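As the structure is a computational prediction, the values presented were derived from the model and not from experiment. So that the names make sense, note that chain A is the first sequence line, chain B the second, and so on, each numbered from 1.
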Amino acid sequence: VIAAAWLAVLALSVQEKSLATLPEKASGVVVNAEATAVAWIEGGRSVVFKGIKGAEFEAVRSLTINREGTAVAYAAKDRGSWSVVSGSWKSEGYDEVGAPVLEGTGLAFAARKGAAWVVVFDGAAGPEFDRVDYLTVSADGDHAAYAGRRGKKSSLVIGDQRGPEFDDVRHVTFAAEDRLAYAAMLDKKWWIVEGTVTPETPAIAVLKDPATGKTGCQVGLFDVTDPERLKSFVKAWLEGDEVPSLEVDPDVPWKDVTDILGRCKAAGCARVRFGILGSREIFETFDSIQALAPLPDRKFAACIGTQGGPLRVFQGGRQSQEFRAIEGLVAGPKGLLAYRATEEEGWFVVRGRAFGQKVKLYKAIDGPVLSADGTRIAFAAMDGTSWRIVAGETHSGAYDQIWLPRFNADNTALVFAARKGREILRIDLPLK
Amino acid sequence: MIASLLLALLCQTDATAPDRAAEFARRLEKAVAEGELITLDMAMNADAFYDRVVGATKLSPGLVGFLKPMIRTSFTSEPYFAIAKGRATWKFLRIRKADDGLRALFRLTGQGGAYSYHDLLLAPDGDRFQISDYYVLNFAGFQSDLVRRSLIPSPQTLDVLNQLLRPTAGDFMMDYGSNPLNQFSQLVTAGEYRKALDKYDENVGVLKNVAIAQVMRINAARSIDQKAHANAVQQMSDVFKNDPAVDMAALGGYLEFGALEKALGTIDRIEKAVGSDVFLNILRANAYMGDKQSAKARDLYRSVTEAEPTLDQGWWGLINVHLAAKEFKDVARCLDAVEKNLNVTLGDLAQIDAYKDFVASPEYAAWMKGRGPK
């Protein structure tokens, strides 16, 4: 009985465990999402990971750690040029490198030589651009996606494949391993483009560009007007015993379709199917889009943006009440949304569209985060001097710094990392 | 001098166009036989077909957006060969000059003895040709006519649909479902032959001038009885005098009711319309088989296998004759030829009742031994 009572008490009590004690010259501290590993930059010249100090460089910055806490990556300056370092691997030297992105074993970073930017993913450099932005890596580490800009046009880039050209592309965001969304802008109107990295069907959409009158081809998210790009998709489908299907815009002259058939034939295709082109009309447009959150189980991604008025959260034709500022938008199952917002002063967390909802104000908020089933919400809140975790009725103790928490598998506790002085702690916080 | 040179040049162009068209048709036939249907798709001009379907009918942009994809997609290889159901054989027969241009006659045969003759309408495209439509001899009409009758709404409905910004399938189905030809066709397809004939009679004024309706009516009547069939054939003949479509439609009934002379007469008339075609010997052989004249049937099937060994119906007909006559050595020889010429691998014949005696014969054992393990 005593043992059982003790276990019950233990289950209801906060457990703190020290992960590391930071030295005086520590900066850029990172803790993985599981709150099991810590790394930091020491003296601005080397990285300490799992208590082991790495090589010294002229300068080190942009330290990042993967979700599992098994690897770190950072930018390091050596003999005047910048590289990205991860474990024993070091990239070639560049004039400049961006912050590395590390998911699982997938490592990507933007790098510049002269005027040309490239994205290096898993050690291989991609095509050259004038600029690269919004670099992201899928949770399984298999795909790196970003917005590549040449001249006045931008497009989504994944590996060797590119999306159609727009005036601007932003907020490239993976939803699940293979699905992503991004914001595209043409003629000052923004909208959300969504799709899968691996096209769901072997369908080639044959479209007429209303601006240029030219015929173009798309496969899922990608522009395959270039015959070689089309060929690479067709060949892959044929290897998988799939028959390509052409879905033709009624405005496209059949002569152009015949040309595309010729390209398919040149790729080894003996027969095609013809399907009816699904509606490619843009669902809704925006004057601005500030952030995206693709939904795990719904078609339309949510976004923070404006539609000829104040800032709101939009999703699938519905919109939240207006706020002065909105940040930290996250999406859960069944269309659940959460974000932090402010009106006059102080920040609060909003769940859903929040019309008429009374909320508590904090000086600053980080998060929110949702449980996997979307039933629980938690965030880090600052009262002016210290940070604590808030999850419904549950409040953690006060800390100098907090990393965003995650819910355990059965939603009975939150796990997070926090700093108290020089001590980095892992905290298990039981939920009421 | 210049005029005579120009004339000579024109004559030369005219003289070579059918040759070039024949070469084009042979290339298409070869590509399709090799499974390269994309070559046929590249030759089919779906825009020209769409223009022929729509003609002078005024369609709003919304209607164009709805109808054009369907009409253009219907003029591609997949729906073209779908009517053959299963393994199709597509044979180029001849080129002829018609008022509307050159036409390439093809014979399409498929599963269950299905056959049709298509005159592909060829339009010059540089030094090549494009197919802009095809005339279906079995239905005495262009495919574009058939699609127009089936898809283009009635003038009254068109007035309403042209007002809609974005018509939906539901808007169309109202009109599609009230079209007498579609109603009649659906009843025939559903096997409701008596109801179908009643529907035809209700709308005889509209349907009697539509060849495909008359063809479907003959097929439906055949399922009722011989008298109904004869009556339907006569009524189609009254409207479509001497058209091969009447004979093609009537033949099935004649074979079914054992009217040998009538069957042979219709086949001769079909031959006059399409020209010499060895496939017609299969129809003749089928007629003789129905009349239990298997020796004549065997000779005719054999003539087909010799002239066109890739035509499967010849081999299966011949095998059938040999099985009935218990000529098992010939059965084995034909089965080998089937595998060689039709590029098929035979399954387990022991599972097929028609081969029961053959499977029990020493010829089968010897044949199987010669085949070795598969």
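- There is no contact between A:D259 and chain B, counting heavy-atom distances below 4.5 Å.
- The aromatic rings of A:F314 and A:F286 sit perpendicular to each other, their planes meeting at more than 60°, with 30° as the lower class boundary.
- Across B:L40, B:D41, B:D125, the residue that shares the most heavy-atom pairs under 4.5 angstrom with chain A is B:D41.
- Interface summary for chain A: among B:L37, B:D47, B:N45, the most heavy-atom pairs under 4.5 angstrom belong to B:D47.
- The CG atom of A:L186 lies 10.5 Å from the CD atom of A:E165; values are rounded to the nearest 0.5 Å.
- Residues forming a salt bridge (charged side-chain N to carboxylate O under 4.0 Å, His left out) with B:R94 (at least two apart in sequence, or on another chain): none.
- In this structure, A:R229 forms no cation-pi arrangement with A:F222, as its terminal cationic atom is not both closer than 6.0 Å to the ring centre and no more than 45° off the ring axis.
- With 3.5 Å as the limit, one finds no donor-acceptor pair spanning the side chains of A:D178 and A:T196.
- Highest contact tally toward chain A, considering only B:E78, B:K68, B:M70, B:M42, is held by B:M42 [criterion: heavy-atom pairs under 4.5 Å].
- A:I276 touches chain B through its side chain: at least one heavy atom from C-beta onward sits under 4.5 Å away, while N, CA, C and O do not.
- Across B:A31, B:P79, B:P69, B:S77, the residue that shares the most heavy-atom pairs under 4.5 angstrom with chain A is B:P69.
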